[in-house]
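The structure appears below as structure tokens.
Quick caveat: nothing in here was measured; it's all calculated off a predicted structure.
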Amino acid sequence: MERLATIDEAQKKLDGLTTNVVSLQELLGDKRSRGAFGEVQLENLVRNLLPEIAYEFQYTFKSNGARADCVLKLPEPTGMVAVDSKFPMENYHRMFEPGVSEADRAVAQRQFRADVKKHVEDIASKYIIPGETSDGASCSCRPEAVFAEIHAYHPERGFRHAAARLDCLADHPDGGAETPRGR
């Protein structure tokens, strides 16, 4: 009887966990909510690793009025590095939706590549400002599965290609980074 009670208790915990996971998926399904969540993750990471004088959140650039989620104030010659915490996820999710036809999945993969390339180009055009910032910027690529997808299945296009061309830095989900030109 005691064993049945233990199994029943475990089942209740699983049911509660399932409800929480579904709620989190609904919350993060919205682009704005996901962006806010990415900013919070970035803030927590930066605040835990760097002294307050080494960063600023929601920094507005004087020359073009663009607002970066974060800038890292590094010693010269590097200088200020902008960090973008958002990442286009819609087509990534479409690539893995159950019941999607192979043709639709292929379309989502092509669009995901285009999304990544455009995102990197947007970051470079907004945040790499001669005389004001470093000659590179950072794109926070989370979750880990997205980073792995880009590097494992899209090495010829997308992030790596655009990043190498535009000096954009890819953050690993574990907090490390990969530079496009091996710097």
Side-chain angles (χ1 to χ4, degrees), residues 21-22 24-46 58-59 61 64-72 78 80-130 133-183:
V21 168
V22 168
L24 182 61
Q25 284 176 330
E26 289 171 355
L27 172 70
L28 297 179
D30 174 58
K31 191 175 183 176
R32 284 190 143 169
S33 298
R34 205 173 49 247
F37 184 70
E39 287 181 22
V40 168
Q41 285 184 306
L42 176 64
E43 283 189 27
N44 288 335
L45 178 69
V46 170
Q58 299 304 314
Y59 182 87
F61 292 101
N64 65 7
R67 179 175 289 171
D69 296 323
C70 177
V71 291
L72 304 178
T78 303
M80 196 160 31
V81 177
V83 182
D84 186 275
S85 67
K86 296 164 195 70
F87 201 81
M89 297 288 293
E90 292 75 14
N91 286 302
Y92 173 80
H93 289 303
R94 281 187 44 227
M95 289 174 8
F96 299 102
E97 281 180 8
V100 172
S101 71
E102 286 304 311
D104 287 343
R105 193 173 315 281
V107 168
Q109 286 173 335
R110 283 191 302 276
Q111 189 57 50
F112 176 69
R113 286 185 191 121
D115 291 347
V116 171
K117 182 177 181 220
K118 181 183 181 324
H119 188 64
V120 170
E121 289 172 348
D122 289 347
I123 289 169
S125 70
K126 288 192 294 190
Y127 304 139
I128 299 176
I129 307 165
T133 67
S134 172
D135 63 356
S138 178
C139 171
S140 184
C141 186
R142 287 171 173 63
E144 185 173 341
V146 175
F147 186 88
E149 174 72 21
I150 291 167
H151 290 289
Y153 301 108
H154 308 284
E156 75 290 351
R157 290 195 178 93
F159 188 89
R160 283 185 151 184
H161 174 73
R165 204 166 40 80
L166 299 169
D167 278 332
C168 208
L169 178 72
D171 288 352
H172 282 264
D174 66 3
E178 171 182 294
T179 58
R181 295 189 185 163
R183 288 190 226 164

**OP:** Run the numbers on Glu39 and Gln58 for side chain to side chain contact (heavy atoms under 4.5 Å, CB included), then give the verdict.
**Re:** CA-CA 10 Å; Glu39 287 181 22; Gln58 299 304 314; 3.2 Å; yes
In short, Thr78 meets Ser134 closest at the heavy-atom pair O-CB, 3.2 Å
Note: Val46 and Cys70 closest approach over all heavy atoms is CG2-SG, 4.2 Å
Rounded to the nearest 0.5 angstrom, the CZ-CZ distance for Phe96 and Phe112 is 8.0 Å
Residues at least two apart in sequence or cross-chain that pass side-chain hydrogen bond (donor to acceptor under 3.5 Å, both in side chains) with Arg67, listed by chain then number, are Thr60
d(Asp104 CG, Gln111 CD) to nearest 0.5 Å is 13.0 Å
Sequence neighbours excluded, the answer for side-chain hydrogen bond (donor to acceptor under 3.5 Å, both in side chains) partners of Arg110 is none
Closest heavy-atom pair, Asp84 versus Ile123, reported as atoms and distance to 0.1 Å, is CB-CD1, 3.8 Å
So CG of Asp115 and CD of Glu90: to nearest 0.5 Å the spacing works out to 7.5 Å
ask   = Is there a side-chain contact between Val100 and Arg94, using heavy atoms and a 4.5 Å cut-off?
value = no
Output for pair (Asp69 CG, Ser85 OG), nearest 0.5 Å, gives 3.5 Å
Heavy-atom closest pair (Lys126 atom, Ala66 atom, distance to 0.1 Å) is O-CB, 4.0 Å
When rounded to the nearest 0.5 Å, the distance separating CG of Asp122 from NE2 of His119 is 7.5 Å
**Asked** Given side chains that start at C-beta, do those of Val71 and Phe61 come closer than 4.5 Å, heavy atoms only?
**Response** yes
